[in-house]
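The structure under discussion appears below in the form of structure tokens.
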There are 2 protein chains.
Amino acid sequence: MTDTPGRLLTLLSLLQTPREWPGSELAERLQVSPRTIRRDIDRLRELGYPVEATRGPEGGYRLTAGAAMPPLLLDDEEAVAIAVGLRTAAGHAVEGIEEASVRALAKLIQVLPSRLRHRVAALNAATVPVLPGDGPRIDPEDLAVIAAAVAARERLRFDYRAGDGAETRRQVEPHRLVSYGRRWYLVCYDPDRTDWRIFRVDRLSHPQRTGLRFDPRELPAGDAAAYVADKLAGRTTVHRAVVTLHAPYERLAARLGTAAGQLEEIDEHRCRLVSRADSVEWLGARLAMVGCEFEVHEPPELVAYLHELAGRVGRSVEAARGR
Amino acid sequence: MTDTPGRLLTLLSLLQTPREWPGSELAERLQVSPRTIRRDIDRLRELGYPVEATRGPEGGYRLTAGAAMPPLLLDDEEAVAIAVGLRTAAGHAVEGIEEASVRALAKLIQVLPSRLRHRVAALNAATVPVLPGDGPRIDPEDLAVIAAAVAARERLRFDYRAGDGAETRRQVEPHRLVSYGRRWYLVCYDPDRTDWRIFRVDRLSHPQRTGLRFDPRELPAGDAAAYVADKLAGRTTVHRAVVTLHAPYERLAARLGTAAGQLEEIDEHRCRLVSRADSVEWLGARLAMVGCEFEVHEPPELVAYLHELAGRVGRSVEAARGR
DNA sequence: TCGATTGCGGCCAGGATCCGACCTATACGG
DNA sequence: CCGTATAGGTCGGATCCTGGCCGCAATCGA
């Protein structure tokens, strides 16, 4: 069996392990002569993979960071870990990379062996929703299907539940998937209505690729993200919370991160936080988690929610405290 | 330039795109004849990558799910998304895959171009801690460094802050990284003390690979995870919460997931939940998030914490409610 | 300072392999 | 029914790959 390309792939995967491989060990492992290993290393370098070598005893080869990403060779467990990690990130765990997460997830799912797919699904079922009151959940798997259809330029079929509750079945030309204000939107051209439409992904179910290719038309507005922002301006309710937190600035900055909102120092014991989100539950949970005394100034909905939360939590311990 | 193995790698990356590639297009792109493309596809199939083909017009090749993971070819943004996703997962977002996440992260970081590394760091700084009171945070990057040292069989140097506050500088032979009870532990042999030691990763700072290789010795206890569990038995305080939740079983099951603990139905309006965690803050936050009325029976620490929480949240809205 | 170990690259010869060209079969859509 | 796509066979010639040999350079430890 003299399978050169296969050997190169194996070599690449071995070198990806964070350790050094002496040429002799690689030769034995791949059942070829050390000379061939040297030649293979040369080949990899010519292909642009930065293989570094240290000479002398205890020396060896390893793959280092270069200009471009080498192909990642993963074992089963690592692939599952990445899939699960992406599924959480594709929600709104980290702002700014939602779209890339979904693309990567689509790529991964396409080639993920089915036995691993089951493990991913099982692990995901066991995952705790991080925040309450987050509105209808979307399945990251659905997002991946949509992203794949966008990339493949295939028509997409799905059921849509409009704002007034009417259910319709649609078949559209998906153009782009946009994450905006903690929600996902699909920008697409609807051939039945002969016009561009924006669908909320959380109101869409059973997306299916049809296999029907289409020639992508040009979006009138140029950029899809701007298009969504423009169309939705004023239609989404955003809650703006203004809070005084009784804790030093450094502690809060470390605690909240930069995504929480604008944090300003009032004096050495207090800070003012302005935070925006689309649900008061989310705002409330964040505040309750900070762990210091605080005062809420706005909005009234948040005050009402926190009042209710305090009552609920207070009642939960009354019996145990013997009152 | 007739570089067969390189062409195969390129082909693999092209086929990973979620779209179909007609043989003629591939031939033109790779500067070979269509016949060679067919042969290459054959080769890939022999290597175990399931290339599927649809015949007829609009047909083409694409890579589907098979028995093994093919090498993943990622663009910059996708690589960053995966790194960020893994960093969160390597915390304790999902139980059961922490170790695999760290391994995958170590592998990724090793080959991640430096310009992307900066983006990952920047995004991570903006990440919001998901849960409060989680004790000292661990930098997933540190975990990756440790995992790399374990895989490379290199000695590891770090500063350690013992339970009594004493700071020491250590150099050890890292053996394995174990995740146990929502904490990370490093099992290693300490040559200075000539004995096996377990270090808590959250108390360890500035881990550095030394480049000094060592021959791994055999752990007396066989399995590292069992060793940690054995040594730590009784030393970690585990809080066991018993709670009655006033909501139907189905709603709670969907809300809590399976990892929350044992959930039993009392009647159609109430359930009993037994949940374990190492911090009452964590338990308390989870309960407050459920969004229904509940009663806490045990433990007293949790009752005290929730009482404090209710007071804090209640006080935060007093001014706003004009009382 | 010296020796051992490891990577680096050139050379050569034999043999396996790859490529392109040509052909036919088959499946799918219009 | 035709055009286009994949699928696969065969063949000859060019190419490339492998393994063995060599001397050289770098590095580490004794």
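Scope of the values below: all heavy atoms of this structure, side chains included, with no hydrogens, waters or symmetry mates. In what follows, chains are A, B, ... by sequence order, proteins preceding strands, each numbered from 1.
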(request) State whether B/Arg38 places a side-chain N or O below 4.0 Å from either non-bridging phosphate oxygen (OP1 or OP2) of C/dA21. (result) no
(message) Nearest whole Å is fine: how far is D/dT6 P from B/Arg45 CZ?
(response) 11 Å
(message) Strictly below 4.0 Å, N to O, side chains only: are A/Arg170 and A/Asp192 in salt-bridge contact?
(response) no
(request) Output yes when A/Arg43 and A/Asp40 qualify as a salt bridge under the 4.0 Å nitrogen-oxygen rule, no when they do not. (result) yes
(message) Could you check whether any side-chain heavy atom of A/Glu99 comes within less than 4.5 Å of a side-chain heavy atom of A/Val178, counting everything from C-beta outward?
(response) yes
(message) Is it true that A/Glu20 and A/Thr54 share a donor-acceptor pair across their side chains at a distance under 3.5 Å?
(response) yes
(request) Measure the distance from CD on A/Glu46 to C1' on D/dC17 and round it to the nearest whole Å. (result) 14 Å
(message) Just N and O in the side chain of B/Thr36: are any of them under 4.0 Å from OP1 or OP2 of C/dG20?
(response) yes
(request) Between D/dC17, D/dG19, C/dC19, spot the one nearest the side chain of A/Val32, thanks. (result) D/dG19
(request) Please check if atom CD in A/Glu167 has more than 12 non-hydrogen atoms from other residues, nucleotides or ligands closer than 6.0 Å. (result) yes
(request) Taking only the side-chain nitrogens and oxygens of A/Thr4, find out if one of them lies under 4.0 Å from OP1 or OP2 of D/dT18. (result) yes
(message) If you assign B/Ile41 and A/Gln31 each to the DNA chain D nucleotide with the nearest heavy atom, which residue ends up on the more 5' nucleotide?
(response) B/Ile41
(message) Does A/Arg193 form a salt bridge (Lys or Arg N to Asp or Glu O under 4.0 Å) with A/Asp195? I'd like the steps, not just the answer.
(response) CA-CA 5 Å; A/Arg193 275 87 175 165; A/Asp195 198 8; over 6 Å; no
(message) Checking B/Glu77 now: which residues fulfil side chain to side chain contact (heavy atoms under 4.5 Å, CB included) with it, not counting sequence neighbours?
(response) A/Ala100, A/Arg103, B/Asp75, B/Arg119
(request) Could you check which of C/dG7, C/dA21, D/dG20 has an atom nearest any side-chain atom of A/Arg35? (result) D/dG20
(message) Can you see whether B/Ser33 engages B/Thr36 through a side-chain donor-acceptor pair at a distance of less than 3.5 angstrom?
(response) yes
(message) From CD1 of B/Ile37 over to C1' of C/dG20, roughly how many Å is that when rounded to an integer?
(response) 13 Å
(message) Taking atom types as they are modelled, would you say the side chain of B/Arg39 forms a donor-acceptor pair with the base of D/dG8 within the 3.5 Å cutoff?
(response) no
(message) Please report the distance, rounded to the nearest Å, between CZ in B/Arg43 and P in C/dA16.
(response) 17 Å
(message) Output the rounded distance in Å from CG (A/Asp42) to C1' (D/dC16).
(response) 15 Å
Write out a two-atom table: protein N or O, nucleotide N or O from nucleotides 4-6 of chain C, distance below 3.5 Å.
residue, atom, partner, partner atom, Å
C/dT6, O4', A/Gly56, O, 3.2

(request) State whether the number of non-hydrogen atoms from other residues, nucleotides or ligands found under 6.0 Å of A/Glu28 atom CD is greater than 12. (result) no
(message) So if I take the C1' atoms of five pairs at each end of the helix from C/dT1-D/dA30 to C/dG30-D/dC1 and get each local axis, what angle do the two axes make, rounded to 10 degrees?
(response) 60°
(request) Take atom CG of B/Leu15 and atom C1' of D/dT6, then tell me their distance rounded to the nearest Å. (result) 14 Å
(request) Starting from P on D/dC17, measure out to CZ on B/Arg7 and report it in whole angstrom. (result) 11 Å
(message) From CD of A/Glu52 over to C1' of C/dC8, roughly how many Å is that when rounded to an integer?
(response) 15 Å
(message) So that I know where these two stand, are B/Tyr189 and B/Phe214 an aromatic pair - ring centroids less than 6.0 Å apart?
(response) no
